[in-house]
Amino acid sequence: MLLYQLEKRIVAAKAAESVNEMDEKKKVMLSGIKPSGDLTLGSYLGAIKNWAERAETFDCYYFMADLHALTTRQNPADLRRRTLEQLAQYVACGLDPEKNTLFIQSHVPEHAQLGWVLQCYTMFGELSRMTQFKDKSAKNADNINGGLFAYPSLMAADILLYQPDYVPVGDDQKQHVELTRDIAHRFNGVYGDVFKIPEPYIPKVGARIMDLLDPASKMSKSDDIGNGRICLMDQPQDIMRKFKRAVTDSDTGDHCVRYDRENKPGVANLMQIYASCTGRSFDAIEAEFTGHGYGDFKAAVGEAVVETLRPIREEAARLMKDKGYLENLCRTGAEKASYIAMKTLRKVYKKVGLVPKA
Ligand code: TRP
């Protein structure tokens with residue numbers, strides 16, 4: 001009788017322990033951002049702003065996809081600056097490097113190494129069907145290089161190295177995550193369960209911010225100096241100038257500031273920006289600007305953005321000057337990432353039949 005009770009207690013304790021372990025094991029999330037353009041207000045309000053609190057629920061990896069940036073021609077000095085600046089901006093936006101793994105892709109050579117192997121498990125037809133490849137080849141007709149074509153295999157490697165549960169991506173990258181899943185399935189089909197099959201993760205929160213001069217298209221990070229685009233490092237006077245020029249419509253009444261995405265896309269976008277920066281509702285904003293014209297409204301939105309970005313810009317600029325801090329950040333991030341990446345790569349090399357290094 002006594003023995004039976006003891007056994008029962010042991011079984012219960014073991015069960016509790018494994019539940020605890022499961023609780024503690026956070027789901028893994030990974031995302032990469034190509035440093036081919038400066039981060040914008042759209043990147044911040046639409047995504048980065050919500051990343052900080054994610055670290056409580058997920059084990060997060062964010063990396064600067066500098067190898068991916070090479071698929072289009074880059075000015076070397078600009079690429080270097082942007083890569084570091086992006087890292088500094090993430091930290092300035094509230095991503096805690098102690099709670100997240102932040103690193104530069106090229107500092108973890110396993111990306112390129114697994115990328116090669118996975119190219120051998122990606123079909124020519126699959127790569128040819130990628131919409132991003134088709135778009136980019138049309139835009140860069142004089143530089144349709146092998147890297148641009150094989151980009152999705154490298155992206156699959158970025159992801160699969162860390163065995164993540166989720167990959168948060170925008171719509172434009174969903175096709176790449178689908179292909180990653182296909183590659184992982186194909187590989188696992190031949191060699192057993194090597195890769196976890198990741199899910200694309202579409203965040204629930206996050207505003208979609210449009211271009212100030214062309215509210216039909218997304219505010220995108222790109223190389224050219226766009227007046228429809230606010231960059232995180234823009235100076236206050238430039239922000240104010242860009243908002244002054246923002247497209248609205250020819251409405252003049254007392255209620256011209258009202259939310260109507262369909263018919264008043266420019267105003268709706270400005271309201272969205274103002275709402276995201278101040279936390280006010282659309283109703284409250286409409287009430288605030290009843291009887292005011294677009295001039296007042298645009299100036300108010302500009303000021304709200306200036307104040308939202310000021311601490312980020314100042315902190316990022318401070319970090320950019322602190323080379324020691326940045327180097328240390330890069331090193332520890334890459335070390336943490338390598339630890340996981342090496343394990344996966346070693347397993348893959350072994351499975352496909354490469355001779356282990358003595
Ligand atoms: N392709 C992504 C972009 O253009 C960047 C990227 C590279 C990425 N590797 C990734 C995103 C892995 C998510 C996961 O923005």
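Read the numbers this way: they start at 1 and go in the same order the structure lists the ligands and their atoms.
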Side chain, backbone, both or neither: which part of [X] comes within less than 4.0 Å of ligand 1 when only heavy atoms are counted?
{"X": "H176", "answer": "neither"}
{"X": "Y162", "answer": "neither"}
{"X": "V167", "answer": "side chain"}
{"X": "I159", "answer": "side chain"}

Nearest-0.5 Å distance that lies between atom CE in M342 and atom OG1 in T344: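 Going from the CE atom of M342 to the OG1 atom of T344 covers 10.5 Å.
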
I'd like to know if R82 and D38 make a salt bridge, using a cut-off of under 4.0 Å between side-chain N and carboxylate O.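 Salt bridge between R82 and D38, a charged N being under 4.0 Å from a carboxylate O: yes.
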
So, E126 and R186, do they make that salt bridge, N to O below 4.0 Å?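 R186 and E126: salt-bridged.
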
Look only at interatomic distance and state if S31 has a nitrogen or oxygen under 3.5 Å from any nitrogen or oxygen of ligand 1.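 Between S31 and ligand 1, no N or O pair is found under 3.5 Å apart.
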
Is D158 in polar range of ligand 1, meaning some N or O pair under 3.5 Å apart?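 The answer is yes, given that D158 and ligand 1 share an N or O pair closer than 3.5 Å.
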
Within the 6.0 Å centroid threshold, strictly below: Y162 and F103: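 Aromatic pair counts; centres sit under 6.0 Å.
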
Residues in salt bridge (Lys or Arg N to Asp or Glu O under 4.0 Å) with E288, at least two apart?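 Testing E288 for salt bridge (Lys or Arg N to Asp or Glu O under 4.0 Å), a comparison that skips the adjacent residues, returns R280.
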
Can you tell me which residue and heavy atom of the protein come closest to atom 6 (C) of ligand 1, and the distance to 0.1 Å?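 Answer for atom 6 (C) of ligand 1: G32 O, 3.7 Å.
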
Among all protein heavy atoms, pick the one closest to atom 15 (O) of ligand 1 and tell me residue, atom and distance.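 That would be Q173 NE2, 4.1 Å.
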
What atoms of ligand 1 come closer than 4.0 angstrom to any heavy atom of K34?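 Checking each atom against K34, I get 4 (O).
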
Y151 neighbourhood, listing ligand 1 atoms whose heavy-atom distance to it stays under 4.0 Å: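 With Y151 as reference, the close atoms of ligand 1 come out as 1 (N), 2 (C), 3 (C), 4 (O).
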
Around atom CG of N75, are there more than 12 heavy atoms from other residues, nucleotides or ligands closer than 6.0 Å?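 Yes, because the 6.0 Å sphere around CG of N75 holds more than 12 heavy atoms from other groups.
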
Look only at the side chain of R181 and the backbone of P198, and say whether a donor-acceptor pair between them is shorter than 3.5 Å.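 Side chain of R181 to backbone of P198: a pair is present.
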
